[in-house]
Amino acid sequence: MPKPTKGARLGGGPAHERLLLANMAGQLFTYKSIKTTETKAKRLRPVAERLVTFAKRGDLHSRRRVLSILRNKETTHVLFSEVAPLVELREGGYTRITKLGFRKGDNASMVQIELVLEPVTPKTKKSSSKAAAAAPASTEALLEEPAEELTTSDEAIIEATTEAPDADNAAETTEADAEAAFSDEAPADDAAADEAKK
Amino acid sequence: MAVPKRKQSRANTHARRSQWKATPATLVKTIEGGKTVYSLPHRAKVVEDSAGTALYMEYKGRKVADI
């Protein structure tokens with residue numbers, strides 16, 4: 001639910017603002033990107049995104065609710081048939097505002113507001129890149145720390161128990177020692193390693 | 001309608017106007033191709049060709065709008 005706007009309305013009054021925003025939303029859905037002032041774009045964003053949410057639901061009731069706002073069957077059809085499928089997987093954030101410059105006459109900040117119609121990839125991409133970034137570091141850390149621990153604990157074991165019948169047993173004990181020693185860092189590293197495995 | 005009783009002196013006028021001050025714009029410093037560039041933050045930039053003709057607006061490596 002968008003936060004109610006405080007202060008003066010755009011245009012001449014509340015009704016004028018509703019009409020103005022409805023017209024702008026219609027133009028946005030028709031042309032996919034429009035240039036306007038920053039103030040208008042920021043007011044338009046919640047209106048337009050709410051309409052896109054209705055369009056994603058796609059049933060007759062939501063279509064009628066959108067139609068009651070847009071007052072234009074063609075624009076509503078464009079929204080439901082063209083825009084909605086493209087943002088099917090997107091969870092909000094259907095519009096993007098980019099600041100362009102300042103208008104000559106009144107120095108108003110002009111922006112471009114556009115529908116974000118690109119396919120959704122950033123979440124997995126980000127997490128994978130993060131995991132990829134974290135994984136080498138964690139693996140290096142894991143590799144380095146146990147290695148150091150191994151060398152030191154090997155010496156310690158060799159010094160302590162010169163018998164050391166099997167190298168495997170020694171390795172196991174050293175690993176256990178290492179895990180025990182690095183139990184503090186273990187949860188984070190394990191989590192990172194789990195993510196990397198996934 | 002309220003009407004001024006006396007003429008305002010030049011000294012008073014100038015004293016008031018001396019308080020009109022411009023605030024410096026907050027700019028971000030970026031280095032593009034070895035040149036330090038100061039620009040407004042979060043604002044699309046105009047891309048020009050070698051002759052200096054404006055081509056299009058760009059923001060974060062993405063073509064945003066025509067001019």
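For the numbers below, each heavy atom of this structure counts, side chains included, while hydrogens, waters and symmetry mates do not.
- In the hydrophobic clustering of this structure, Leu70(A) groups with Leu10(A); members are Ile, Leu, Val, Met, Phe, Trp, Tyr whose side-chain heavy atoms approach within less than 4.5 Å, directly or through other members.
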Residue pair Ile34(A), Leu44(A): steps toward the side-chain contact (heavy atoms from CB on, under 4.5 Å) verdict: CA-CA 11 Å; Ile34(A) 56 175; Leu44(A) 171 63; 4.1 Å; yes

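- Partner Tyr94(A) forms a side-chain hydrogen bond (donor to acceptor under 3.5 Å, both in side chains) with one of Glu49(A), Arg45(A), Lys56(A) and no other, that one being Lys56(A).
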Geometric donor-acceptor pairs, no angle filter, chain A-chain B, under 3.5 Å:
unit_1    : atom_1 : unit_2   : atom_2 : d
Lys35(A)  : NZ     : Asp66(B) : O      : 3.2
Lys99(A)  : O      : Ala44(B) : N      : 2.7
Ser109(A) : OG     : Arg43(B) : NH1    : 3.4
Ser109(A) : OG     : Arg43(B) : NH2    : 3.4
Gln112(A) : NE2    : Val64(B) : O      : 3.3

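- In this structure, CG in Leu21(A) is found 11.5 Å from CG in Leu28(A), a value given to the nearest 0.5 Å.
- Side-chain contact between Val87(A) and Leu115(A) is absent, with no heavy-atom pair separated by less than 4.5 Å.
- Ile69(A) has its side chain within reach of Arg50(A): a pair of non-hydrogen atoms, C-beta onward, lies under 4.5 Å apart.
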